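Numbering starts at 1 and runs along the sequence shown. These numbers come from the heavy atoms of this one structure, side chains and all, not from hydrogens, waters or symmetry mates. Everything numeric in this text was worked out from a predicted model, so none of it was measured.
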Amino acid sequence: QVQLVESGGGLVQAGGSLRLSCAASGRTFSSYAMGWFRQAPGKEREFVAAITSSSANTDYADSVKGRFTISRDNAKNTVYLQMNSLEPEDTALYYCAARMTYSRIVYYSAGRYDYWGQGTQVTVSS
């Protein structure tokens, strides 16, 4: 089992940047595929980015491609989401999620992930 704690959210002006972190407990972080999702008020949770356990593969939602970068440091049990050129439409509660697998498949569906953090709020003002 793994516990996830997100941090790094906040209020930023449009065009600004934030880096989210997700710290995982346990000694098997390197065996987990990780994902970032977000949920805006009144909307369903949506996929943002994902990375495989060895960082071999990553992928992004079309809405964030070219602006967001997912990465991980297995030695620090942490996954990151670097968010640049933020837009008001990026305002949401951001969650990280984990799935135990060594597969090189990128998982896009929230239902594929077994563990979730509590979320960190990102607010982008226009």
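Between atom CE of residue Met83 and atom CZ of residue Phe68 there is a gap of 5.0 Å, rounded to the nearest 0.5 Å. From Asp59, atom CG reaches atom CZ of Phe47 across 5.5 Å, with rounding to the nearest 0.5 Å. Separating the OG atom in Ser54 from the OH atom in Tyr102 is a distance of 10.5 Å, to the nearest 0.5 Å. From Gln13, atom CD reaches atom OG of Ser125 across 5.0 Å, with rounding to the nearest 0.5 Å. Atom OG1 of Thr120 sits about 10.5 Å away from atom OH of Tyr94, to the nearest 0.5 Å. Note that OG of Ser71 is 8.5 Å distant from CG of Leu81, once rounded to the nearest 0.5 Å.
Panel note: side chain Asn57, backbone Arg104; a donor-acceptor pair is recorded below 3.5 Å. Under a 3.5 Å cut-off, the side chain of Arg99 and the backbone N or O of Arg112 do form a donor-acceptor pair. Not one N or O on the side chain of Arg19 forms a donor-acceptor pair closer than 3.5 Å with the backbone of Gln82. With hydrogens and angles ignored, the 3.5 Å screen pairs no side-chain donor or acceptor of Tyr113 with any backbone N or O of Ala33. The backbone N or O of Gly119 sits less than 3.5 Å from a side-chain atom of Glu6, completing a donor-acceptor pair. Listed for the Tyr108 side chain is no donor-acceptor partner under 3.5 Å among the backbone atoms of Ala49. Under the 3.5 Å distance criterion, the side-chain polar atoms of Thr78 are matched with a main-chain donor or acceptor of Lys76.
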TODO: Dump the intermediate steps for side-chain hydrogen bond (donor to acceptor under 3.5 Å, both in side chains) on Ser17 and Asn84, then the final yes or no.
DONE: CA-CA 4 Å; Ser17 298; Asn84 299 329; 2.9 Å; yes

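In this structure, Arg72 has no salt bridge (Lys or Arg N to Asp or Glu O under 4.0 Å) partners at least two apart in sequence or on a different chain.
The two residues Ser53 and Ser31 have their closest heavy-atom pair at CB-C, 4.0 Å. The heavy-atom pair separating Met100 from Thr28 by the smallest distance is CE-OG1, 4.1 Å. When every heavy atom of Leu4 is checked against every heavy atom of Met34, the shortest pair comes out as CD2-CE, 4.0 Å.
Taking the ring centroids of Trp116 and Phe37, they lie under the 6.0 Å cut-off.
Side-chain contact between Ser21 and Ser7 is present, with heavy atoms from C-beta onward closer than 4.5 Å. Residues Tyr115 and Cys96 have side chains not in contact (no heavy-atom distance under 4.5 Å, counting atoms from C-beta outward). Looking at heavy atoms from C-beta onward, Arg38 lies in side-chain contact with Glu46 at the 4.5 angstrom threshold. Pro88 places a side-chain heavy atom less than 4.5 Å from the side chain of Ser126. With a 4.5 Å cut-off on side-chain heavy atoms, Val2 and Tyr32 count as touching. Counting heavy atoms from C-beta on, the side chains of Thr101 and Tyr107 come closer than 4.5 Å. Between Leu18 and Leu86 there is a side-chain heavy-atom pair separated by less than 4.5 Å. In this structure, Ile70 and Tyr60 have side chains that are in contact, with non-hydrogen atoms separated by less than 4.5 Å.
In Lys43, the NZ atom is not crowded: 12 or fewer heavy atoms of neighbouring residues, nucleotides or ligands sit closer than 6.0 Å. Within 6.0 Å of CD in Gln3 there are 12 or fewer heavy atoms belonging to other residues, nucleotides or ligands. At most 12 non-hydrogen atoms from other residues, nucleotides or ligands lie less than 6.0 angstrom from CD of Gln118.
A disulfide bond (SG atoms under 2.5 Å apart) check over residues 27-79, counting only residues at least two apart or in different chains, returns nothing.
Considering Val64, Ile51, Val79 in turn, Val79 is the only one that fulfils the side chain to side chain contact (heavy atoms under 4.5 Å, CB included) rule with Trp36. The side chain to side chain contact (heavy atoms under 4.5 Å, CB included) test with Leu11 singles out one residue from Val122, Thr123, Val124, and that residue is Thr123.
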